[in-house]
Structure formats: C-alpha cells, structure tokens
Amino acid sequence: MLLEALGSALLGLVLAGLAVHRLSHRLPARSLVLATGVAGALFGAFVTHSALDTGGVLLILLGAAIVCAASLSLLLRPAGRLRRRSATA
C-alpha cells in the first residue's frame, strides 16, 4: 500500500507539472496546482483502493489519475474575456 501511495503521489506531481507547463496562463500559482495534483491523486488512490480492496496497482493508479485530472480541471480559468451582453441586447 505504501508503494501505491508513493506511485499515486508521483503520478499526481507529474500530471500537475504537465498542466503547469501546458496551461500556465489559465492556472493559478504553481504551488497550488502542484499541491492539488498530489492531493487529488492521493485521494483518488484512497477511494479506488477502498472500492476495489486489492484490485491491482494499475487500476488504483488509473483511479488516482482520473481524480487528479478532475481536481486540476477545477482550477482552470476561462481562456479569454467573457463577453457579457445587456439584458436588452
């Protein structure tokens, strides 16, 4: 179980690093993104491990990656300015 936790934390760090590299203009501070990636991956590994018991390391890492990506997607800001129209237009 320790290897699952370390693997999922490393996976979360890698996914968050890729997100910072590719989408830095749409994300908040780098430290927040990295922490969210690791926390999301650890939470995803915990939930997957709890649901599947000993379902296999690859399935647990897949669950960690899915929850990590979902957590990181919540940090994204819109790409451009939002156009707001008046109610009469």
Side-chain angles (χ1 to χ4, degrees):
M1 189 163 153
L2 181 64
L3 291 176
E4 293 171 0
L6 289 174
S8 64
L10 183 63
L11 179 66
L13 193 61
V14 168
L15 288 176
L18 287 173
V20 166
H21 179 70
R22 302 267 315 199
L23 301 169
S24 62
H25 62 284
R26 294 184 58 193
L27 289 169
R30 180 184 175 128
S31 59
L32 177 66
V33 175
L34 294 177
T36 301
V38 171
L42 286 173
F43 182 68
F46 170 72
V47 168
T48 308
H49 183 80
S50 297
L52 299 178
D53 199 22
T54 54
V57 177
L58 292 178
L59 287 175
I60 292 172
L61 290 178
L62 179 65
I66 290 170
V67 174
C68 176
S71 299
L72 290 174
S73 72
L74 295 174
L75 296 176
L76 286 174
R77 294 180 287 202
R81 283 183 85 181
L82 295 176
R83 294 183 189 175
R84 297 190 180 188
R85 296 184 181 190
S86 64
T88 59

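Values reported hereafter were calculated over all heavy atoms of this structure, with side chains retained and with hydrogens, waters and symmetry mates removed.
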Correct closest heavy-atom pair for G12 and C68 would be CA-SG, 3.8 Å

R77 and H25 have their tightest heavy-atom pair at NH2-O, 3.8 Å

| query | With no hydrogens and no angle check, is any side-chain donor or acceptor of S24 less than 3.5 Å from a backbone partner on H21? | reply | no

Value for CG (L34) from CG (L27), rounded to nearest 0.5 Å, stands at 10.0 Å

Should L13 and L15 be counted in the same cluster of Ile, Leu, Val, Met, Phe, Trp and Tyr side chains packed under 4.5 Å apart?
no

Residue set satisfying side chain to side chain contact (heavy atoms under 4.5 Å, CB included) with T36, at least two apart, ordered chain then number -> L32, S71, L72, L75

Closest non-hydrogen contact found for L42 with S8 is CD2-OG, 3.5 Å

| request: Kindly check if the number of other-residue, nucleotide or ligand heavy atoms within 6.0 Å of CG (L74) is above 12? | output: yes

What one should report as the nearest heavy-atom pair of T48 and G63 is OG1-CA, 3.4 Å

Indicate, with yes or no, if L62 and V67 share a hydrophobic cluster defined by side-chain heavy-atom contacts under 4.5 Å among Ile, Leu, Val, Met, Phe, Trp and Tyr. no

Quick check on R26: does its CZ atom have over 12 non-hydrogen neighbours (other residues, nucleotides or ligands) under 6.0 Å away?
yes

The side-chain contact (heavy atoms from CB on, under 4.5 Å) partner of H49 among V57, L59, I60 is I60

